[in-house]
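This one's a predicted model, so the numbers in the text were calculated from it and none came from an experiment. Just so you know, these numbers use all the heavy atoms, side chains as well, and skip hydrogens, waters and symmetry mates. Atoms within a ligand are numbered from 1 in the order they appear, just like the ligands themselves.
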Amino acid sequence: MSTTFKLDTSTSRANPTPQPMRRLTVPNIRERKSDGVTREPLVMLTAYTARQAQLLDAHCDILLVGDSLAQVIYGLPTTVPVTLEMMANHAAAVVRGSYHSVVVVDMPFGTYEASPQQAFESAAYLLKISGAAAVKLEGGAAMAETVAFLSERGVPVMGHVGLTPQAVNILGGYAARGRSDVEAEKIVSDAMALDVAGAFAIVIEGVVEPIAIEATRVVSCPTIGIGASAQCDGQVLVTEDMLGMFERVPRFVKRYEDIAAIIGKAAAAYAEDVRGRKFPGTDQTYQPKD
Ligand code: KIV
């Protein structure tokens with residue numbers, strides 16, 4: 001589907017042509033799984049900017065403003081240093097650039113774990129500043145009380161179990177989880193605890209496939225896999241990984257493009273034109289009117 005944008009100069013709003021679909025809601029996402037069955041898998045991609053959101057929106061059900069922006073946008077080594085302000089500003093840009101998808105924003109490390117009250121204040125700030133519809137937070141049973149507290153107070157929550165990157169300093173890296181029986185049972189029981197607490201969906205990241213399938217079977221809400229299983233109720237990838245922006249490709253990523261090569265080729269051609277005084281040409285310069 002091809003969408004173009006016309007800029008309304010009075011509001012700086014880019015209006016899409018053709019008119020977009022109605023924006024989905026959190027209940028629409030939750031209802032996609034009914035009696036344990038999801039007929040149409042949920043499509044989620046990360047987005048961090050307005051233009052990226054414009055390009056992805058029509059193809060997705062959910063745009064996730066992930067704290068993976070730490071590495072993807074800011075060149076940080078982990079997601080640990082991400083702040084509420086960073087997330088709120090990027091989420092606001094994604095909301096401005098989208099009309100159809102539910103926008104979910106990650107709660108950064110250190111802004112929700114201390115207490116349900118701390119989580120509510122942080123989530124309310126994120127939703128007020130950005131206009132996003134929901135938050136995502138990492139952790140299983142330990143976060144169940146917080147998920148219930150938020151959900152009962154108007155903040156829809158997406159859970160995140162398995163490999164939880166904000167816990168990198170405890171986990172010691174980003175290896176797949178669920179290889180031992182104890183770990184496998186914990187992932188499934190974590191997913192169940194979030195489901196009972198009221199999470200409207202749960203990301204299952206970096207777990208061995210049978211565990212992802214079992215967690216998907218036992219919870220009533222949709223699961224969204226990344227490095228998990230095609231049998232999850234939906235899938236998510238970091239958009240830049242999927243587009244081939246980075247040399248390193250995690251095993252679970254399927255590359256749909258080689259954008260890094262395209263950008264490198266365009267930059268090299270531009271540099272050659274500038275150095276050869278071939279740019280700007282007559283088409284790109286202003287001449288005095290006769
Ligand atoms: O931050 C992120 O992009 C995520 C997805 C990988 C699920 O949490």
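Here I226 contributes atom CD1 and S68 contributes atom OG; the two are 8.0 Å apart, rounded to the nearest 0.5 Å. Atom OG1 in T223 sits 10.5 Å away from atom CE in M158 (nearest 0.5 Å).
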Full working for side-chain hydrogen bond (donor to acceptor under 3.5 Å, both in side chains) between E240 and Q71
CA-CA 11 Å; E240 282 76 359; Q71 293 100 331; over 6 Å; no
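Looking at E205 next to ligand 1, no N or O pair under 3.5 Å apart turns up. For a threshold of 3.5 Å applied to N or O pairs, the pair formed by Y48 and ligand 1 contains no separation below that value.
Within the 4.0 Å heavy-atom criterion, neither part of T79 lies near ligand 1. Counting heavy atoms under 4.0 Å from ligand 1, residue T46 touches it through the side chain alone.
Ligand 1 places these atoms under 4.0 Å from at least one heavy atom of D106: 1 (O), 2 (C), 8 (O). Atoms of ligand 1 lying under 4.0 Å from any heavy atom of K136, numbered from 1 in the order shown and given with element: 4 (C), 8 (O). Numbered from 1 in the order shown, with element, the atoms of ligand 1 that lie under 4.0 Å from a heavy atom of G66 read 1 (O), 2 (C), 3 (O).
Here the protein heavy atom with the shortest distance to atom 6 (C) of ligand 1 is I226 CD1, 3.6 Å. Scanning the protein for heavy atoms near atom 3 (O) of ligand 1, the closest one is S68 OG, 2.5 Å. Atom 4 (C) of ligand 1 has L64 CD2, 3.6 Å as its closest protein atom, hydrogens excluded (heavy atom only).
Environment of CZ in R255: crowded, with over 12 heavy atoms of neighbouring residues, nucleotides or ligands closer than 6.0 Å.
Note: the hydrophobic cluster containing V43 does not contain V253 (ILVMFWY, side chain heavy atoms under 4.5 Å, direct or indirect links).
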